[in-house]
Amino acid sequence: MQYLLLIYRSEAEFGKMDAAARKEMSGEYGAFTQSIIQSGHFKAGDGLQPTTTATTVRVRDGKTLTTDGPFAETREQLAGYYLVEAKDLDTALAIAARIPEARKGSIEVRPVMVYD
């Protein structure tokens with residue numbers, strides 16, 4: 001089964017990081033990504049641009065409404081994702097716990113819909 005691992009972090013805290021800290025985090029993500037590629041769990045993954053580039057789309061009464069920014073006002077914003085193949089939820093949770101951001105932000109694990 002495939003699981004989407006959604007990475008949340010505080011953009012404000014990320015913005016306070018110096019170049020050395022960002023380089024260290026990048027190295028951690030590189031190592032993590034390589035490990036799940038080698039284990040066969042990796043399907044896809046990318047970081048996302050800051051929430052200032054986001055647009056939320058809603059349809060109400062047949063009208064399409066757009067709003068600049070993310071759909072929710074929260075301290076942590078969606079920063080990226082990994083799409084992984086895992087035999088079960090426990091395996092997906094174990095992989096998610098290894099994502100560097102899990103130490104400061106949070107990782108949402110959601111099964112991907114399977115359509116017939």
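What you see is a predicted model; the values in this text were computed from it and never measured. Counting begins at 1 with the first residue of the sequence.
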Quiz item: What closest approach, in Å, do Ala102 and Ala97 show between heavy atoms, and which atom pair accounts for it?
Solution: CB-O, 4.0 Å
Exercise. Report the distance from atom OG of Ser39 to atom CD of Glu85, rounding to the nearest 0.5 Å.
Key: 11.0 Å
Quiz item: side chain to side chain contact (heavy atoms under 4.5 Å, CB included) between Asp46 and Tyr81: does it pass, once the steps are laid out?
Solution: CA-CA 6 Å; Asp46 276 303; Tyr81 71 92; 3.8 Å; yes
Quiz item: For His41 and Ala86, which heavy atoms make the closest approach, and how far apart are they?
Solution: CD2-CA, 4.3 Å
Quiz prompt | Parallel, tilted or perpendicular, as decided by the 30° and 60° cut-offs, for the rings of Tyr82 and Phe42 | solution = perpendicular
Quiz item: Who passes side chain to side chain donor-acceptor pair (under 3.5 Å) against Arg98, sequence neighbours left out?
Solution: Ser35
Quiz item: When rounded to the nearest 0.5 angstrom, what distance separates CE in Met17 from CE in Met25?
Solution: 4.0 Å
Exercise. Give a yes-or-no answer on whether the side chains of Thr91 and Tyr3 include a donor-acceptor pair shorter than 3.5 Å.
Key: no
Practice problem: Considering non-hydrogen atoms only, spot the tightest contact between Lys43 and Val84 and give its length. | Solution: CG-C, 4.0 Å
Exercise. Drop me the distance from Leu5's CG to Ile95's CD1, to the nearest 0.5 angstrom.
Key: 7.0 Å
Quiz item: Just how far is it from atom CG of Leu78 to atom CD of Glu11, taken to the nearest 0.5 Å?
Solution: 9.5 Å
Quiz item: Do Arg22 side-chain atoms and Phe14 backbone N/O form a donor-acceptor pair below 3.5 Å?
Solution: yes
Quiz prompt | Non-hydrogen atoms of Val109 and Ala92 that approach each other most closely | solution = CG1-CB, 4.0 Å
Quiz item: Backbone N or O of Ala20 within a donor-acceptor pair of the Asp18 side chain at under 3.5 Å?
Solution: yes
Practice problem: Please round to the nearest 0.5 Å and tell me the distance separating atom CZ of Arg103 and atom CZ of Arg9. | Solution: 12.5 Å
Self-check item: CZ on Phe32 to CD1 on Ile37, rounded to 0.5 Å
Solution: 10.0 Å
Self-check item: For the student: nearest non-hydrogen atoms of Glu101 and Tyr8, plus distance
Solution: CG-O, 3.4 Å
